[in-house]
Amino acid sequence: MPELPEVETIRRQLEPEVRGRRITAARVLDERWSRPVPPAQVERAITGLRIEGVRRRGKYLILVLEGGRNLVMHLRMTGNLLLRPADVDPAHEDEALDLIEARRLGHPRLYESHPEARHLRALIELDDGSELWFTDVRRFGHGVVLDGEELDAYFAARLGVEPLDGGLTADELLRLAEGRAAPLKSFLMDQRGIAGIGNIYADEALFRAELHPLSPAGSMRREHCEALVEGIVGALEAGLANGGSSIDDYRDARGERGRMQEEFLVHTREGQECGRCGETIRRIVVGGRSTYFCPGCQVRLRRRPRRRRARART
DNA sequence: TTGGCGTCCTGGAGGC
DNA sequence: TGCCTCCAGGACGCCA
């Protein structure tokens, strides 16, 4: 599942390749991708514009276009953004002419030469002949075009602090968690608090911090917050260093698998021995999501009584 | 205001 | 072999 490390890996690969390139054509093949905005409107809004950079915010990937316009994309669960260089396939030019039409008609030979085209949802052609393919098996991913102030408002309503830019401190975490009864696992996955953490890195961060996923978020003391900040940053940086994790569908911009799944400390390791204390790693469901933890060394905190507010003196 | 749950969506695994 | 059911999960809407 693309979380912060996966999206950042794609961003770092795309940035040097597409910065300065001009979008010569855009095709939205699945109306769900841009819903509720009609595909043609999105295509018109970005065609002809130069790409000034590639940014990331939480799990969102942003093509920064000239004139203050932005194409904001979210990969959700099975989305991939693939960069197909112009010289990858000498025969591609002829095939590209027919790719969209062949796909529309369900041409049987199309998927032999382009298996990823089966789930192609949007396609952006660049002026050097390269293409960006947004593919997505489960069709949860989407794209939206936003201008400057709209972009700020869009993220302000959805995303909290960025964990890797120094904004996440123990004090900030303590403030975010205060009074919250939600389990730590759910708390970490709430993008309005901390942006970019999903199911995988929430498990890994809590293991590193030695905190039980069912502990109420508001039960943390300062020392727990310090450990959790360290756990979050450590887990995300490990993901980045390994090119992200590929449990199912994730591929980077070059179509390569990540290696982080080989480095998981608890996630998907049910029944295996904990590398820290030797206890058997367990799987439970928290908030409808599979959650892996070590019952031996991840401490379950008790809910702290809410501090009484001082009565206003009259 | 907060937390929990259902929904969207598809491919793969497992059961019969 | 073929059909059916269940499961996976990010974000969002709805309800208690």
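Letters A, B, ... mirror the listed sequences (proteins, then strands); counts begin at 1.
- Judged by distance alone with a 3.5 Å cut-off, a donor-acceptor contact links the side chain of A:Arg138 to the base of C:dA8.
- Rounded to an integer number of Å, the gap from CD1 of A:Ile284 to P of C:dC7 is 17 Å.
- Relative orientation of the A:His142 and A:His74 rings is parallel, given thresholds of 30° and 60° on the angle between their planes.
- For C:dA8, the OP1/OP2 oxygens have a side-chain nitrogen or oxygen of A:Arg283 closer than 4.0 Å.
- Regarding contacts with the backbone of C:dG10, every side-chain N or O of A:His74 stays at 4.0 angstrom or more from both OP1 and OP2.
- Taking atom CZ of residue A:Arg76 and atom C1' of nucleotide B:dT10, one finds them 15 Å apart after rounding to whole Å.
- Judged by ring centres under 5.5 Å apart and planes tilted less than 30 degrees, A:Phe140 stacks against the six-membered base ring of C:dG10.
- For the pair A:Arg121 CZ and B:dT10 P, the computed distance is 7 Å after rounding to whole Å.
- Distance, A:Met189 CE to C:dG9 C1': 8 Å, rounded to whole Å.
- With A:Phe207 as the aromatic partner, A:Arg276 meets the cation-pi criteria of under 6.0 angstrom to the ring centre and within 45 degrees of the ring axis.
- Each of A:Leu159 and A:Val285 was assigned the nucleotide of DNA chain C with the nearest heavy atom; the assignment lying further toward the 5' end belongs to A:Val285.
- Here A:Ile51 contributes atom CD1 and A:Glu66 contributes atom CD; the two are 10.0 Å apart, rounded to the nearest 0.5 Å.
- Taking 4.0 angstrom as the limit, A:Arg158 places none of its side-chain polar atoms (N or O) nearer than this to OP1 or OP2 of C:dG10.
- Residue contacts for A:Ser186: at a heavy-atom cut-off of 4.0 Å it reaches no nucleic acid atom on any strand shown.
- Across the protein-nucleic acid pair, A:Arg192 atom CZ and B:dT1 atom P stand 12 Å apart, rounded to whole Å.
- Between A:Ser290 and C:dG9 there is a side-chain polar atom (N or O) within less than 4.0 angstrom of OP1 or OP2.
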Next item on the list: Tell me, with the steps shown, if A:Asn242 and A:Glu262 meet side chain to side chain contact (heavy atoms under 4.5 Å, CB included).
Entry: CA-CA 9 Å; A:Asn242 285 287; A:Glu262 296 154 22; over 6 Å; no

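- With contacts defined as side-chain heavy-atom distances shorter than 4.5 Å, the pair A:Met220/A:Leu301 qualifies.
- Spacing between atom CG of A:Leu75 and atom P of C:dG9 amounts to 17 Å, rounded to whole angstrom units.
- Judged by distance alone, with hydrogens and angles left aside, A:Arg289 brings a side-chain donor or acceptor within reach of the base of C:dG10, the pair sitting under 3.5 Å.
- Each of A:Ile281, A:Val266, A:Val286 was evaluated against A:Asp203; a single residue qualifies, A:Val266, per the side-chain contact (heavy atoms from CB on, under 4.5 Å) test.
- Among the nucleotides C:dG10, B:dG3, C:dA11, the one closest to any side-chain atom of A:Gln191 is C:dA11.
- Using a 4.0 Å heavy-atom cutoff across all strands shown, A:Pro2 reaches no nucleic acid atom at all.
- At whole-Å resolution of the value, CG in A:Asp136 and P in C:dG9 are 16 Å apart.
- One interatomic measurement links the two molecules: CE of A:Met73 to P of C:dA11, which rounds to 16 Å at whole-angstrom precision.
- Mapped onto DNA chain B by nearest heavy atom, A:Met77 and A:Gly287 fall at different nucleotides, with A:Gly287 at the one closer to the 5' end.
- Ranking B:dG4, B:dG3, B:dG11 by closeness to the A:Pro183 side chain, first place goes to B:dG4.
- Counting non-hydrogen atoms under 4.0 angstrom, A:Arg139 reaches the backbone sugars and phosphates but no base.
- Judged by closest nucleotide on DNA chain B, A:Arg180 is the one of A:Arg35 and A:Arg180 placed further toward the 5' end.
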